[in-house]
Amino acid sequence: GGIEVTPFRKLTGNSSSIVCIQFSKDAEYLMSNSKDTAILHWRTVDGKPIRAPSMFRDVEWRDNTLWSCNLGWPVIGIWNDDDYDGSDINAVCQSYKKGPGGE
């Protein structure tokens, strides 16, 4: 058979459709990006929203080899135009590997 998934928490706060989610490396946090360009964070243990995005600047996400959300600290440089539209960039894939082969 297939994999059975059981909901653990309902995380609320997004006012638009979610387009990306990402877990921190230690699975302590979950981050979402939504169509209205909001970036929201929650603690996974209790579903509590975290309202200080600056505390996530140095958090390691997933296995720290790939960032795939359109918004967040690792890709903040691609949004350097004050006139950007949330639909200007539709996909991101940023590698943390240094040099050929990740050395």
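These numbers come from a predicted model, not from an experiment.
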Do Val75 and Met55 share a hydrophobic cluster (ILVMFWY, side-chain heavy atoms under 4.5 Å, transitive)?
-> yes

Side chains of Trp61 and Lys25: does their closest heavy-atom pair fall under 4.5 Å?
-> no

Rounded distance [0.5 Å steps], CH2 in Trp42 versus CD1 in Ile21 | 9.0 Å

What distance do Phe23 atom CZ and Met31 atom CE have between them, rounded to the nearest 0.5 Å?
-> 11.0 Å

Does the side chain to side chain contact (heavy atoms under 4.5 Å, CB included) test come out yes or no for Val59 and Arg57, once each step is laid out?
-> CA-CA 6 Å; Val59 167; Arg57 190 187 79 171; over 6 Å; no

Same hydrophobic cluster for Ile50 and Leu71, using side-chain heavy-atom links shorter than 4.5 Å among ILVMFWY?
-> yes

Minimal heavy-atom distance between Gln22 and Cys69, with the atoms involved, is OE1-SG, 3.4 Å

Taking Trp73 for the side chain and Pro53 for the main chain, is one N or O donor matched with an acceptor at less than 3.5 Å?
-> yes

Qualifying salt bridge (charged side-chain N to carboxylate O under 4.0 Å, His left out) pairs with a residue from residues 30-48, counting only residues at least two apart or across chains | Arg43-Asp46

Determine whether Thr44 and Arg9 make a side-chain contact, defined as any pair of heavy atoms from C-beta on separated by less than 4.5 Å.
-> no

Hydrophobic cluster membership, Val19 vs Leu40, 4.5 Å side-chain cutoff = no

Is there a donor-acceptor pair under 3.5 Å between the side chain of Asn33 and the backbone N or O of Asn70?
-> yes

Fit a plane to each ring of Tyr29 and Phe56, take the angle between them on a 0 to 90° scale, and name the class: parallel (under 30°), tilted (30 to 60°) or perpendicular (over 60°).
-> perpendicular

For the residue pair Leu30 and Leu11, what are the closest heavy atoms and their distance?
-> CD2-CD1, 3.1 Å

Between Asn14 and Ser16, is there a donor-acceptor pair closer than 3.5 Å when you use the side chain of the first and the backbone of the second?
-> no

Close side-chain approach of Ile39 and His41, heavy atoms under 4.5 Å = yes

